Amino acid sequence: MKKLRRSMLFIPGANAAMLSTSFVYKPDSVMFDLEDAVSLREKDSARLLVMHALGLSAYEGIEKVVRINPLDTEFGLKDLEACVRAGADVIRLPKTDSPEDLHKLEEQIARIEKECGREVGSTGTMAAIESAKGVVNAVDIACCSKRLIGIALAAFDYVMDMQTERGDGSELFYARCAVLHAARVAGIDAFDVVYSDVNNDEGFLEEVELVRKLGYNGKSLINPRQIELLHNAYAPSEEEVEHAHRVLAAAAEAEEKGLGVISLNGKMIDAPIINRARSVLERAKASGVRH
């Protein structure tokens with residue numbers, strides 16, 4: 001089964017309490033943040049805290065992502081050295097504008113893996129798209145590396161670059177579509193932006209429903225209480241599960257009888273419908289049924 005990446009919980013790298021307890025909320029992925037969530041005077045201490053968190057057995061089964069500082073800063077390479085050696089599953093590169101940005105990152109990752117004895121290629125990467133240039137280059141970025149597990153749209157820097165501000169979501173529509181299409185071309189995952197109003201569950205769920213219908217695999221989160229809401233929204237409904245069972249039963253019956261044509265309730269069933277039915281049941285197994 002393809003790895004579920006519905007929820008990616010941001011955890012500030014300088015927040016020792018969150019680093020040591022966030023596994024209890026059971027997100028699909030945690031993202032230890034060494035960049036924007038950490039002040040300049042806390043960069044070195046945050047790196048040490050994240051190194052320790054990466055080794056905690058309590059995070060077993062949860063994908064561990066680290067957002068490092070850009071490599072052209074004094075902190076970026078230090079972050080990368082520490083976190084690859086400590087066992088990060090994925091390195092998230094902020095402000096990815098071109099394939100060259102990822103190539104520079106992955107050259108360093110390969111070197112570090114060789115030096116510390118990790119299997120070369122075992123550390124995944126994620127590109128954060130935060131500018132108009134990154135959006136325009138999204139397909140090239142998404143297709144440039146076998147290490148890349150996904151691309152993520154980051155709203156704050158993007159809307160500033162576009163000389164606008166966060167509003168009803170229309171300001172992100174083109175970027176969301178461009179990033180999603182790039183991910184699908186490359187066969188990797190796509191992650192939507194953070195919804196920052198943590199007290200507005202209704203607004204959060206409206207945005208989740210939009211990006212779920214667009215086709216996003218999941219969403220970045222800044223508050224643990226949003227995880228259950230998100231997972232439930234991504235779970236299939238009881239009707240979807242029942243229909244999936246009927247589709248697969250009809251397909252099995254047709255195969256048993258040697259029929260070349262499969263139908264259910266007078267409607268033709270083809271391979272994409274069968275594959276979707278299997279996907280629905282896999283999601284139900286992982287997420288339960290939407291309540």
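Bear in mind that the values here come from a model prediction, so they are computed numbers and not experimental data.
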(message) Does His231 form a side-chain contact (heavy atoms from CB on, under 4.5 Å) with Glu228? I'd like the steps, not just the answer.
(response) CA-CA 5 Å; His231 287 186; Glu228 185 176 357; 5.8 Å; no
Indicate if [X] and [Y] have the same hydrophobic cluster label, given that clusters are the connected sets of ILVMFWY residues with side-chain heavy-atom separations under 4.5 angstrom.
X	Y	value
Val211	Met126	no
Leu180	Met8	no
Leu230	Leu214	yes
Phe32	Leu71	yes
Tyr174	Val193	yes

Under 3.5 Å: donor-acceptor pair, side chain of [X], backbone of [Y]:
X	Y	result
His243	Glu239	no
Gln226	Val198	no
Glu171	Gly169	yes
Asn217	Ala190	yes
Asn69	Leu34	yes
Asp101	Thr96	no
Asp89	Val65	no
Glu130	Lys95	yes

(request) I would like to know whether Arg92 and Glu35 meet salt bridge (charged side-chain N to carboxylate O under 4.0 Å, His left out); could you show each step before the answer? (result) CA-CA 10 Å; Arg92 174 162 163 155; Glu35 194 208 12; over 6 Å; no
Report, as yes or no, whether the 6.0 Å neighbourhood of atom [atom1] on [X] holds more than 12 heavy atoms from other residues, nucleotides or ligands.
X	atom1	value
His103	NE2	yes
Glu242	CD	yes
Tyr59	OH	yes

(request) Please say which of Ile109, Val84, Ile112 ends up in a side chain to side chain contact (heavy atoms under 4.5 Å, CB included) with Arg118. (result) Val84
(request) Start with the C-alpha gap between Lys43 and Glu74, add the side-chain angles, then the distance that decides, and say whether salt bridge (charged side-chain N to carboxylate O under 4.0 Å, His left out) holds. (result) CA-CA 10 Å; Lys43 293 289 187 183; Glu74 64 178 290; over 6 Å; no
Using 0.5 Å steps for rounding, measure from the [atom1] atom of [X] to the [atom2] atom of [Y].
X	Y	atom1	atom2	value
Leu56	Leu19	CG	CG	8.5 Å
Ser29	Asp189	OG	CG	9.0 Å
Leu205	Asn200	CG	CG	9.0 Å

Cationic N near anionic O, under 4.0 Å, [X] to [Y]:
X	Y	answer
Arg6	Asp28	yes
Glu240	Arg276	yes
Glu209	Arg212	yes
Asp201	Arg225	yes

(request) Might you work through the side-chain contact (heavy atoms from CB on, under 4.5 Å) test for Arg47 and Asp44, ending with a clear yes or no? (result) CA-CA 5 Å; Arg47 188 182 310 114; Asp44 293 332; 3.0 Å; yes
(request) Go through Val179 and Tyr216 one step at a time and tell me if the side-chain contact (heavy atoms from CB on, under 4.5 Å) criterion holds. (result) CA-CA 10 Å; Val179 166; Tyr216 271 81; 3.8 Å; yes
Contact between [X] and [Y] at the side-chain level, heavy atoms closer than 4.5 Å - yes or no?
X	Y	value
Thr125	Leu93	no
Pro27	Leu221	no
Asp197	Asn199	yes

(request) Evaluate the criterion side-chain contact (heavy atoms from CB on, under 4.5 Å) for residue pair Arg147 and Leu105; output intermediate values, then yes/no. (result) CA-CA 11 Å; Arg147 287 185 186 262; Leu105 171 73; over 6 Å; no
(message) To check you understand the geometry: which heavy-atom pair defines the closest contact between Asp168 and Ser170, and what is its length?
(response) OD1-OG, 2.7 Å
(message) How close do Glu113 and Gly121 get, counting heavy atoms only, and between which atoms?
(response) OE1-N, 2.8 Å
(request) Mind running salt bridge (charged side-chain N to carboxylate O under 4.0 Å, His left out) on Arg176 and Glu207 for me, showing each step along the way? (result) CA-CA 12 Å; Arg176 277 176 166 149; Glu207 186 164 278; 3.4 Å; yes
(message) Can you see whether Asp97 engages Ser131 through a side-chain donor-acceptor pair at a distance of less than 3.5 angstrom?
(response) yes
(message) Quiz question: by atom type and distance under 3.5 Å, do the side chains of Glu42 and Ser39 form a donor-acceptor pair?
(response) yes
(request) Take Glu81 and Arg111 through the test salt bridge (charged side-chain N to carboxylate O under 4.0 Å, His left out) and record every step on the way to the result. (result) CA-CA 10 Å; Glu81 289 272 2; Arg111 173 187 60 79; 2.6 Å; yes
(message) Can you list, by chain and residue number, the hydrophobic cluster partners of Val241 when the side-chain cut-off is 4.5 Å?
(response) Val247, Leu248, Ile262, Leu264, Ile269, Ile273, Ile274, Val280, Leu281, Val289
